[in-house]
Amino acid sequence: MTAEIFAEIREAISQGEPRVLATVANTRGSTPRKSGAVMLLRPDGTFMGTIGGGCGESEVWQDAMDTMADGIPRLTVVDLTEPIDGDDKICGGVMEIFVERVVD
Amino acid sequence: MNFSKKTIVLDAIENAIAGGESIVIATLISSGQLNHLTLGAKILVPKSSEVNGSFGDQKVDELVISAARELHDSQPRINVGTAYLNAEKQLHFRIGKSTNSDAEIMFQLWEQPLRLIVVGGGHVGLAVATLGDFLGFSVTVIDDRDDFANRDRFPMADEVRCGNVGVEIDALQIDNTSHFVLVSRGHLQDELALRTALGKGAGYIGMIGSKRRTKTVIDHLSEEGYSSDELAGVSTPIGLSIGAETPEEIALSVMAEIIMLRRGAFGERLSS
């Protein structure tokens with residue numbers, strides 16, 4: 001997956017298109033993906049790779065879209081320890097995800 | 001340095017994965033109270049060549065570079081870690097000691113995938129190579145019999161070497177990402193392989209055999225002048241105690257031991 005993401009970043013650089021990379025920087029407790037997992041976001045909101053299925057991915061996606069727009073890196077904290085209605089939150093940990101624009 | 005400016009970061013990572021110089025990349029992922037630092041800035045610390053990049057504070061850069069250099073030699077291997085930097089500019093890796101006002105630095109170590117060198121292409125060697133490949137290791141197989149050291153038998157291997165095991169091991173570039181699994185057809189072969197593999201800085205050397213048989217080999221090498229420290233680092237008999245009987249189960253036991261050591265764990269039941 002890493003190789004495919006790097007290839008897409010290179011392609012985006014040559015096309016002059018922006019991309020945002022989200023990297024799991026650290027985790028505590030039980031989380032869907034471990035540190036180093038990556039997700040690459042495109043300007044149309046589609047992405048490749050995953051930082052963790054349904055568990056917190058939408059929060060990261062929103063931050064990544066903001067970073068796509070303003071270029072400011074963000075550190076998103078996804079807390080999976082608090083249950084939300086209708087969601088079993090089987091994960092139960094906390095992860096920090098660093099979001100950065102890798103192509104302007 | 002900023003990821004977006006150039007392809008330097010990408011070039012360095014891809015070079016490292018391809019077997020070039022390994023690199024630690026430190027990224028400022030949160031500035032905390034240290035507002036003068038550049039959020040998102042990166043410092044590239046290759047294993048031996050020149051450092052590139054800055055967070056915008058010389059003292060902080062020095063701390064980060066020194067921590068990155070330690071990661072290059074870390075055992076067990078840490079591929080991604082977060083460090084915390086307090087207002088007094090002290091850097092540490094303990095989340096329990098961190099506060100919300102600390103700056104956070106993500107360290108990523110990029111290097112060639114872990115390498116598994118299987119000496120002996122028999123039933124156990126085949127199972128170890130198969131499982132090692134499945135686990136993401138780059139697999140090299142060595143045997144002096146061409147019926148065993150060939151591509152048809154080992155399609156999953158990155159490299160198959162047929163020849164005297166001592167000569168073939170000597171021809172390899174070994175570092176602490178290299179893991180030797182000695183499972184050859186007899187103790188003379190294993191002894192030759194062990195003698196050649198020792199002292200090259202491998203991350204792991206394991207040798208199959210009963211307690212009695214492996215002790216004989218270790219005693220020989222001890223008489224030849226290998227230090228007891230060096231010999232004590234050899235995992236023999238090889239593997240974790242899971243009651244393995246078949247070649248496939250032995251492979252599982254061996255790979256479990258390698259992963260356990262690499263991650264600095266202890267092999268107990270999680271439920272115990």
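Every chain is numbered from 1, with letters handed out A, B, ... down the list of sequences. As the structure is a prediction and not an experimental result, all values here were calculated from the model.
- Taking all atoms of both residues into account, the shortest heavy-atom contact from A:Phe98 to B:Thr27 is CE2-CG2, 3.6 Å.
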Take A:Arg10 and B:Asp11 through the side chain to side chain contact (heavy atoms under 4.5 Å, CB included) test and state the conclusion after the steps.
-> CA-CA 10 Å; A:Arg10 281 200 191 276; B:Asp11 292 343; 2.8 Å; yes
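- Annotation: B:Arg151, atom CZ; neighbour count of heavy atoms from other residues, nucleotides and ligands within 6.0 Å is above 12.
- Residues B:Ile29 and A:Ala25 approach most closely at CD1-CB, 3.7 Å, considering heavy atoms.
- Residue contact with chain B, scored on non-hydrogen atoms closer than 4.5 Å, is absent for A:Val99.
- Taking NZ from B:Lys42 and CD from A:Glu100, the interatomic distance works out to 3.5 Å, rounded to the nearest 0.5 Å.
- Contact record, A:Pro73 with B:Leu39: O-CD2, 3.4 Å, taken as the closest heavy-atom pair.
- Closest approach of B:Ser30 and A:Leu75 over heavy atoms only: CB-CD2, 3.8 Å.
- The contact list for residues 255-272 of chain B toward chain A, using heavy atoms and a distance under 4.5 Å, is empty.
- Rounded to the nearest 0.5 Å, atoms CD1 (B:Ile13) and CD1 (A:Ile9) are 8.0 Å apart.
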Donor-acceptor pairs are to be reported for all side-chain atoms of residues 95-105 of chain B against protein atoms at under 3.5 Å, with residues two or more places apart or in another chain.
| unit_1 | atom_1 | unit_2 | atom_2 | d |
| --- | --- | --- | --- | --- |
| B:Ser98 | OG | B:Ile95 | O | 2.6 |
| B:Thr99 | OG1 | B:Ser101 | N | 3.4 |
| B:Thr99 | OG1 | B:Ser101 | OG | 3.0 |
| B:Thr99 | OG1 | B:Asp102 | OD1 | 3.3 |
| B:Asp102 | OD2 | B:Thr99 | N | 3.1 |

